[in-house]
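Keep in mind it's a predicted model, so treat the numbers as computed, not measured. Read the numbers this way: they start at 1 and go in the same order the structure lists the ligands and their atoms. The first residue of the sequence shown is numbered 1, and numbering continues consecutively from there.
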Amino acid sequence: MEGERKLHVAIVMDGNGRWAVQHGLPRVAGHRQGAQVVHDVVAAAPGLGVSALTVFAFSTENWKRPKEEVDFIMQLFVSTVTKWLPELMERGVKVRVIGNRGVLPGAVRTAVAAIEGKTASGSGLHLNVALNYGGRAEIVAAAREFSEACTAGTAFPHDLTEDRFSSYLWLAPDTEPDLVIRTGGERRVSNFLLWEMAYSELFFLDLLWPEFTPDTLASVLSEFRARDRRFGAL
Ligand code: IPE
Ligand code: IPE
Ligand code: MG
């Protein structure tokens, strides 16, 4: 990958539940398998020319699921983070969690603080985990923060530009994924990175997230590199 621009890849990791059902397992087994895939993709990403990886783990809409499944996903986040922390530190991965943290269970907030704190000086891959994340919620939070700065007299409405607004987003400074991948067959965005994906290349894959491998990522990246990105020009 020498000489090639490093990429920001965002992924809607969909299809865990269906994968489990297809294998005669409870839905939550699909989430466990999906977490293992995240591990493998994080390990492979830097070697494939990826400098930032943003993964959708839990949406603001996913609270509508049965409590047992929500509880399982939250516990899985805590146990996964705890298990992988030493390896992530070793690899220099810098982990950040984007989303509304205020309403997350206490154990999850503790795990978020630990992983962000202990990987803060990582100089390698940026791993952004979207947890209780919604694209609209992120935009509203940015608008609120800017408004509060205006009220406090430290910002002025006429200074607001697209770049300035982007700086208030949870994902900053990793804005603008070069490509967004969605597994699981659905052709929709489901409230992910609404502002940031304005000019991202979109890849909708029929395979289910637990079936995704580093080879899948490599083949999507080679298709991405062959695409003609015009950004409105000719
Ligand atoms: C994605 O897989 C993971 C989360 C939303 C937490 P799903 O759980 O949505 O799997 P399907 O779409 O039901 O197969
Ligand atoms: C999107 O998947 C959210 C995550 C992958 C975390 P969903 O399964 O929740 O999306 P919908 O319900 O198909 O839109
Ligand atoms: Mg789904």
Side-chain angles (χ1 to χ4, degrees), residues 8-42 45 52-81 83-84 95-105 107-109 111-112 115 127-141 169-171 174 177 179-197 200 202-213 216-217 220:
H8 178 183
V9 177
I11 309 181
V12 179
M13 310 184 290
D14 196 22
N16 292 348
R18 279 165 285 164
W19 179 87
V21 169
Q22 282 177 13
H23 288 77
L25 300 166
R27 282 182 56 84
V28 296
H31 298 313
R32 197 182 290 116
Q33 189 61 31
Q36 184 59 45
V37 173
V38 176
H39 169 273
D40 298 349
V41 168
V42 165
L53 188 64
T54 300
V55 294
F56 204 2
F58 191 86
S59 76
T60 48
E61 288 72 37
N62 289 147
W63 297 105
K64 295 174 194 159
R65 296 186 179 202
K67 184 177 185 304
E68 304 76 62
E69 182 169 340
V70 171
D71 288 349
F72 183 91
I73 293 170
M74 294 297 158
Q75 273 166 25
L76 181 65
F77 175 83
V78 174
S79 61
T80 304
V81 155
K83 186 167 86 186
W84 292 345
V95 182
R96 287 192 306 133
V97 172
I98 60 167
N100 183 356
R101 308 162 175 221
V103 297
L104 291 171
V108 176
R109 275 184 281 148
V112 167
I115 191 132
L127 174 62
N128 306 308
V129 182
L131 190 65
N132 192 23
Y133 173 88
R136 289 180 175 175
E138 181 184 36
I139 292 169
V140 168
L169 295 171
W170 290 322
L171 191 56
D174 289 330
L179 58 156
V180 179
I181 301 170
R182 180 173 186 142
T183 59
E186 314 290 0
R187 269 69 175 162
R188 59 174 169 256
V189 166
S190 300
N191 200 15
F192 192 43
L193 305 182
L194 296 180
W195 172 281
E196 295 90 336
M197 69 164 74
S200 303
L202 308 180
F203 291 81
F204 295 103
L205 309 185
D206 287 331
L207 57 74
L208 305 171
W209 177 249
E211 298 166 337
F212 191 95
T213 66
T216 318
L217 178 59
V220 169

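Nearest protein heavy-atom contact of atom 10 (O) of ligand 1 is G17 N, 2.9 Å. Nearest protein neighbour of atom 6 (C) of ligand 1, counting heavy atoms only, is A57 O, 3.3 Å. Annotation: atom 7 (P) of ligand 2 to nearest protein heavy atom, R65 NH2, 3.8 Å. Counting only heavy atoms of the protein, atom 1 (C) of ligand 2 lies nearest to V12 CG1, 3.9 Å. For atom 12 (O) of ligand 2, the closest heavy atom belonging to the protein is R188 NH2, 4.4 Å.
Below 4.0 Å from some heavy atom of N62 lie the following atoms of ligand 2, by number and element: 3 (C), 6 (C), 9 (O). Near I73, meaning under 4.0 Å from any of its heavy atoms, are these atoms of ligand 1: 6 (C). Counting atoms of ligand 1 from 1 in the listed order, those under 4.0 Å from a heavy atom of H31 are 3 (C), 6 (C), 8 (O).
By heavy-atom distance, the residue among K64, R18, R182 lying nearest atom 2 (O) of ligand 2 is R182. Heavy-atom proximity to atom 13 (O) of ligand 1, evaluated over Q22, E61, R27, is greatest for R27. The heavy atom nearest to atom 11 (P) of ligand 2, considering only S190, G34, G185, A130, is found in S190.
Inclusion of W19 in the set of residues having an N or O under 3.5 Å from an N or O of ligand 1 is not warranted. Residue D14 has at least one nitrogen or oxygen atom sitting less than 3.5 Å from a nitrogen or oxygen atom of ligand 2, judged on distance alone.
Two residues are said to be in side-chain contact when any heavy atoms from C-beta on lie closer than 4.5 Å; T60 and N100 fail this criterion. Looking at heavy atoms from C-beta onward, W209 lies in side-chain contact with V41 at the 4.5 angstrom threshold. When side chains are defined from C-beta on, L217 counts as touching I181, because their heavy atoms get closer than 4.5 Å. Contact of the D40 side chain with the F212 side chain is not registered, since no non-hydrogen atoms from C-beta on lie closer than 4.5 Å.
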Run the numbers on D71 and R65 for salt bridge (charged side-chain N to carboxylate O under 4.0 Å, His left out), then give the verdict.
CA-CA 10 Å; D71 288 349; R65 296 186 179 202; over 6 Å; no
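For the pair G15 and ligand 1, a heavy-atom separation below 4.0 Å is found.
Using cut-offs of 30° and 60° for the angle between ring planes, the W84 and H39 rings count as tilted.
Only the backbone of M13 comes within 4.0 Å of ligand 2, counting heavy atoms alone; no side-chain atom from C-beta on gets that close. Heavy atoms of F58 found under 4.0 angstrom from ligand 2 belong exclusively to the backbone. Contacts with ligand 1 closer than 4.0 Å are made by no heavy atom of S59, backbone or side chain.
Residue-level check: among N/O/S atoms of D14, OD1 sits closest to the Mg ion (ligand 3).
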